[in-house]
Trainee: 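Have a look at this one.
What you see below is based on every heavy atom in this structure, not just the backbone, and it leaves out hydrogens, waters and symmetry mates. Just so it is clear, the model here is predicted, and its values are computed rather than measured.
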Amino acid sequence: MFQLDPQSKASIYEQVVDYMKKLMITQVLKADDKLPSVREFSKAIMVNPNTVSKAYKELERQGFTYTISGKGTFVAKREMTRDPKQVETILTRIYEGYKELRYLGYGQDEALEIMDDFIRRRDAHDSH
């Protein structure tokens, strides 16, 4: 079950969006599966229904879900696309993190090792 991370820099609604995307990308939630209602999900994770509603709207805006009035919110069929513009944006953020490590006094190899270790730990954590 979903656990909020009060230490996270991400807002609660962003954490909900990320969690739901992870379930969709890993096929725990498949195309046309119905999501819990806003009220059910907000009760289950003990957050304001407006927060869950905002997360659901963001998922729909990004094309991960669709809503049928009176029926609920469902997982959209998605073709995974590799948008070069999005990739460039992500790579820029990664490079900014790398530069910050270098500014903190880490050498190139050390900075890359720190980033690699972090990604491996995060992947191991996310696969559980």
Trainee: Can you see which heavy atom on Ser8 is nearest to which on Gln15, and at what distance?
Mentor: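 For Ser8 versus Gln15, the nearest heavy atoms are CB-NE2, 3.6 Å.
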Trainee: Which heavy atom in Ala111 sits nearest to a heavy atom in Arg102, and how many Å separate them?
Mentor: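 Answer, listing the atom of Ala111 first, then Arg102: CB-CD, 4.0 Å.
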Trainee: How long is the span from the CG atom in Leu23 to the CG atom in Asp18, to the nearest 0.5 Å?
Mentor: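 Reported to 0.5 Å precision, the distance equals 11.0 Å.
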Trainee: For Gln62 and Lys21: C-alpha separation, side-chain torsions, deciding distance, then whether side-chain contact (heavy atoms from CB on, under 4.5 Å) applies.
Mentor: CA-CA 10 Å; Gln62 292 181 20; Lys21 281 181 176 181; 2.6 Å; yes
Trainee: Using the ring-ring contact (aromatic ring centres under 6.0 Å, His included) criterion, which residues pair with Tyr106? Sequence neighbours excluded.
Mentor: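 Partners of Tyr106 under the ring-ring contact (aromatic ring centres under 6.0 Å, His included) test: none.
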Trainee: Roughly how far apart are Arg120 CZ and Arg122 CZ, rounded to 0.5 Å?
Mentor: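 Arg120 atom CZ to Arg122 atom CZ measures 15.5 Å (nearest 0.5 Å).
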Trainee: So, for Ala76 and Gly63, which heavy atoms are closest and what is the spacing to 0.1 Å?
Mentor: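 Nearest pair, atom of Ala76 first, then Gly63: CB-O, 3.5 Å.
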Trainee: Taking only residues at least two apart or on different chains, which pairs with a member in residues 86-97 satisfy side chain to side chain donor-acceptor pair (under 3.5 Å)?
Mentor: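 Sorted result for residues 86-97: Glu96-Lys99.
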Trainee: Verify, without hydrogens or angle tests, whether Glu14 (side chain) and Ser11 (backbone) share a donor-acceptor contact under 3.5 angstrom.
Mentor: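 Yes, Glu14 side chain to Ser11 backbone: donor-acceptor pair under 3.5 Å.
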Trainee: Taking everything shown except Lys34 itself, do over 12 heavy atoms lie less than 6.0 Å from its NZ?
Mentor: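 Atom NZ in Lys34 is packed in, count exceeds 12.
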Trainee: To the nearest 0.5 Å, tell me how far Ile12 CD1 sits from Asn50 CG.
Mentor: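 Spacing of CD1 (Ile12) from CG (Asn50) equals 12.0 Å.
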Trainee: Salt bridge between Arg121 and Asp117, side-chain N to carboxylate O under 4.0 Å?
Mentor: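 No, this pair does not count.
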Trainee: Quick check: closest heavy atoms across Ala55 and Val16, and the distance to 0.1 Å?
Mentor: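 Distance-wise, the nearest heavy atoms are CB-CG1, 3.5 Å.
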Trainee: Which other residues belong to the hydrophobic cluster containing Ile119, where Ile, Leu, Val, Met, Phe, Trp and Tyr are joined when side-chain heavy atoms lie under 4.5 Å apart, directly or via other members?
Mentor: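 Members other than Ile119 - counting any ILVMFWY side chain reachable under 4.5 Å - are Phe118.
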Trainee: Does Asp116 reach the side chain of Leu112, with side-chain heavy atoms less than 4.5 Å apart?
Mentor: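 Side chain of Asp116 against side chain of Leu112, heavy atoms only: no contact under 4.5 Å found.
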Trainee: If you look only at pairs with a residue in residues 57-71, which of them pass as a salt bridge (charged side-chain N to carboxylate O under 4.0 Å, His left out), with sequence neighbours excluded?
Mentor: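 Matches after skipping sequence neighbours: Glu58-Arg61.
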Trainee: With sequence neighbours excluded, tell me which residues meet side chain to side chain donor-acceptor pair (under 3.5 Å) with Arg39.
Mentor: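 If we apply the side chain to side chain donor-acceptor pair (under 3.5 Å) test to Arg39, skipping adjacent residues, there are no hits.
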Trainee: Nearest 0.5 angstrom please: Thr51 OG1 to Met46 CE, how far?
Mentor: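 Separation between the atoms: 13.5 Å.
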Trainee: Who pairs with Glu40 by side-chain contact (heavy atoms from CB on, under 4.5 Å), at least two apart in sequence or on another chain?
Mentor: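 Scan of Glu40 (side-chain contact (heavy atoms from CB on, under 4.5 Å), adjacent residues dropped) gives Pro36, Ser37.
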Trainee: Once side-chain contact (heavy atoms from CB on, under 4.5 Å) is applied, do any residues pair with Ala31, and if so which ones, sequence neighbours excluded?
Mentor: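 Testing Ala31 for side-chain contact (heavy atoms from CB on, under 4.5 Å), a comparison that skips the adjacent residues, returns Lys77.
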Trainee: Which residues pass the ring-ring contact (aromatic ring centres under 6.0 Å, His included) test with Tyr13, not counting sequence neighbours?
Mentor: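 Partners of Tyr13 by the ring-ring contact (aromatic ring centres under 6.0 Å, His included) criterion come out as none, since no residue qualifies.
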Trainee: Would you indicate whether the side-chain heavy atoms of Phe41 and Leu35 approach each other to under 4.5 Å?
Mentor: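 Leu35 vs Phe41: side chains apart.
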Trainee: In chain order, what residues pass the side-chain contact (heavy atoms from CB on, under 4.5 Å) check against Asp33, with sequence neighbours excluded?
Mentor: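 With sequence neighbours excluded, Asp33 shows a side-chain contact (heavy atoms from CB on, under 4.5 Å) to Leu29, Lys30, Val75, given in chain and number order.
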Trainee: Minimum heavy-atom separation for Ser53 and Val38, please, with both atom names.
Mentor: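 In this case the closest contact between Ser53 and Val38 is N-CG1, 3.9 Å.
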Trainee: With sequence neighbours left out, what residues match Glu113 under side chain to side chain donor-acceptor pair (under 3.5 Å)?
Mentor: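 By the side chain to side chain donor-acceptor pair (under 3.5 Å) rule, Glu113 matches no residue at all.
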Trainee: If you measure from CE on Met20 to OG1 on Thr65, what distance do you get to the nearest 0.5 Å?
Mentor: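 Reported value, rounded in 0.5 Å steps: 8.5 Å.
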Trainee: Other members of the hydrophobic cluster containing Ile68, with the 4.5 Å side-chain heavy-atom rule, please.
Mentor: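 Its cluster partners, ordered by chain and number, are Tyr66, Phe74.
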Trainee: When you group the ILVMFWY residues by side-chain heavy-atom contacts below 4.5 Å and let the links chain together, are Val52 and Val28 in the same group?
Mentor: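 Looking at the clustering, Val52 is in the same group as Val28.
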Trainee: List, by chain and then residue number, the residues other than Tyr103 in its hydrophobic cluster (Ile/Leu/Val/Met/Phe/Trp/Tyr, side-chain heavy atoms under 4.5 Å); write none if there are no others.
Mentor: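 The other cluster members (ILVMFWY side chains, heavy atoms under 4.5 Å, direct or chained): none.
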Trainee: Could you check whether any side-chain N or O of Thr26 sits under 3.5 Å from a backbone N or O of Lys22, counting only pairs where one atom can act as donor and the other as acceptor?
Mentor: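 Side chain of Thr26 to backbone of Lys22, a donor-acceptor pair under 3.5 Å: yes, one is there.
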